[in-house]
Amino acid sequence: MLFFETILPSVIAVMTVFLFGCVGEIIMEKAGHLNLGIPGVMCFGTLGGCVGTSLIMSFYSDNPSSAPWILVVLFAILFSILFSSISGLIYAFLTVTLKCNQNVTGLALTTFGAGVVDFFMTMVDDTHFTQASRILSASLPYEGLGVFGKIFFSHGILVYLGIAIALVAFFILRKTKLGLSLRAIGENPGTADAAGINVNLYKYGAILTGSSIAGLGGLYYVMDFVGGSWESSGTIQGFGWLAIALVIFCVWNPAIAIGGSFIFGLLYLLPRFVKGIDFTMMNVFGLFPYLFTILVLVITSILGKRNVQAPGALGQAYFREDR
């Protein structure tokens, strides 16, 4: 019963951070962009969400509990999307318009995002973060549903939003003309361009959309997972790097990312529930997500199936004159 009542709900909570970052990265990689700046983008999403909640809660400073929950949720999400989109726009301008190296740009964005959020979070009014966190993490009524209710209905709105976004992303990428065009650009942008697809427009759209989704992971981490507290960007960056590894683990499939995020979340929390584990073994458990990712990469390489491989033009700048 401990697994169903305590461990499983906790795993679902932590998997949501991975899920937002992973789905956002998948969308960008499907357009041919390996964005190693996801940790930085998630930091920007954190900053934006905290600024948004601080602004709306300041209007109800006399009685924070009277703040309409819908406004708190909307301000948090919209500002998180705005800030993470700005970071995505920086990355898109450098890699799509100026053709800069994607790996170098992504790493620079991670460093920049971590520095920006650590600096500006000291200026954000955090007096109402705890109250805003209660609103964002408020669960659905599940009294009387027992263990089933504890597992599936004891989470905040962002958990269900993350799962919904993953399923919608899967449907769009696999079942719509928009998704087909995006995948075509990721495989061979020259051919897609010749077919009349606006390559740069799609790349910008994918990067901004993916960044917005990944940024929500940073918002969720602070305002739900840790209850509105802030110490530093270090932990968010750790989740961001694991989210990038998770993209390979789930073979660039947003639907599989839901299960993959659950596995990564279980591995992340497992040392906390194992009695008598020492510091060395905790570090060993921390290696498991990366080891499983390498194993999946080896297996998919052996199988050689196109639908489980990375996009053909991933990480490559597109020069139209070379078409």
Side-chain angles (χ1 to χ4, degrees), residues 14 16-18 20-21 24-25 28 33 35-59 61 64 67 72-95 98 100-137 158 207-244:
V14 74
T16 306
V17 188
F18 294 127
F20 276 119
E25 177 68 8
M28 286 185 269
H33 279 261
N35 188 358
L36 298 180
I38 284 293
V41 172
M42 294 176 72
C43 288
F44 271 99
T46 298
L47 177 61
C50 291
V51 168
T53 55
S54 178
L55 286 176
I56 189 61
M57 296 298 286
S58 65
F59 287 104
S61 56
V72 176
V73 172
L74 285 177
F75 266 68
I77 292 177
L78 290 177
F79 272 79
S80 178
I81 290 174
L82 175 62
F83 276 56
S84 53
S85 294
I86 291 173
S87 68
L89 185 61
I90 295 172
Y91 175 85
F93 177 72
L94 291 173
T95 59
L98 301 184
C100 295
N101 183 281
Q102 295 180 19
N103 295 330
V104 174
T105 304
L107 292 173
L109 181 60
T110 289
T111 305
F112 177 63
V116 166
V117 71
D118 282 336
F119 177 76
F120 282 104
M121 279 298 289
T122 61
M123 304 180 185
V124 178
D125 182 8
D126 61 352
T127 55
H128 303 304
F129 278 9
T130 302
Q131 181 63 33
S133 174
R134 292 195 188 101
I135 295 174
L136 284 163
S137 61
L158 291 175
I207 292 170
L208 293 179
T209 301
S211 297
S212 299
I213 295 171
L216 291 175
L219 166 67
Y220 171 81
Y221 175 78
V222 170
M223 284 298 170
D224 190 321
F225 185 64
V226 295
S229 64
W230 170 261
E231 293 182 0
S232 70
S233 63
T235 307
I236 299 176
Q237 289 185 72
F239 277 104
W241 290 119
L242 281 170
I244 295 174

Using side chain to side chain contact (heavy atoms under 4.5 Å, CB included) as the criterion, list what pairs up with T95, not counting sequence neighbours.
H33, Y91, Q102, T105, I207
With under 30° as parallel and over 60° as perpendicular, where do the rings of F79 and F83 fit, or are they tilted in between?
tilted
Of all heavy-atom pairs linking A76 and L136, the shortest is CB-CD1, 4.0 Å
Run the ring-ring contact (aromatic ring centres under 6.0 Å, His included) test against F112 and tell me which residues pass, sequence neighbours left out.
F44
Got a sec, which residues hit ring-ring contact (aromatic ring centres under 6.0 Å, His included) with F129, two or more places apart in sequence or on another chain?
none
I'd like to know if the side chain of S84 reaches the main chain of A214, judged simply by a donor and an acceptor atom lying under 3.5 Å from each other, with no hydrogens or angles considered.
no
Side chains of L36 and T110: closer than 4.5 Å at any heavy-atom pair?
no
Could you list the residues that satisfy side chain to side chain contact (heavy atoms under 4.5 Å, CB included) with A108, not counting sequence neighbours?
none
Non-neighbouring partners of L78 that pass side chain to side chain contact (heavy atoms under 4.5 Å, CB included), sequence neighbours left out:
none
Do L47 and V124 come close enough that some side-chain heavy atom pair is under 4.5 Å?
yes
Looking at CG of L208 and OG of S87, how far apart are the two atoms once the value is rounded to the nearest 0.5 Å?
9.0 Å
So the ring pair (Phe, Tyr, Trp, His ring centres under 6.0 Å) pairs with at least one residue in residues 222-243 (sequence neighbours excluded) are F18-F239, Y221-F225, Y221-F239, F239-Y268
Minimal heavy-atom distance between L158 and F20, with the atoms involved, is O-CZ, 3.4 Å
Correct closest heavy-atom pair for S229 and V226 would be OG-O, 3.2 Å
Any residue meeting side chain to side chain contact (heavy atoms under 4.5 Å, CB included) with F93, in chain and number order, not counting sequence neighbours
T97, L98, Y204
Mind checking what makes side-chain hydrogen bond (donor to acceptor under 3.5 Å, both in side chains) contact with T130, not counting sequence neighbours?
none
Show me, pair by pair, the donor-acceptor contacts under 3.5 angstrom made by side chains of residues 114-123, not counting sequence neighbours?
| from | atom 1 | to | atom 2 | distance (Å) |
| --- | --- | --- | --- | --- |
| D118 | OD1 | S233 | N | 3.1 |
| D118 | OD2 | S233 | OG | 3.0 |
| T122 | OG1 | F119 | O | 2.5 |

Side chain to side chain, I81 and I77, heavy atoms closer than 4.5 Å:
yes
Check: I38 and M28 side chains under 4.5 Å, non-hydrogen atoms:
yes
Of all heavy-atom pairs linking A67 and I135, the shortest is O-CD1, 4.3 Å
Hey, are the side chains of M42 and V17 touching, using non-hydrogen atoms and a 4.5 Å cut-off?
yes
Where at least one partner belongs to residues 41-54, residue pairs that pass side-chain hydrogen bond (donor to acceptor under 3.5 Å, both in side chains), sequence neighbours excluded:
none
Under the rule for side-chain hydrogen bond (donor to acceptor under 3.5 Å, both in side chains), what residues qualify as partners of S85, not counting sequence neighbours?
S212
For N103, what residues pass the side-chain hydrogen bond (donor to acceptor under 3.5 Å, both in side chains) criterion, not counting sequence neighbours?
none
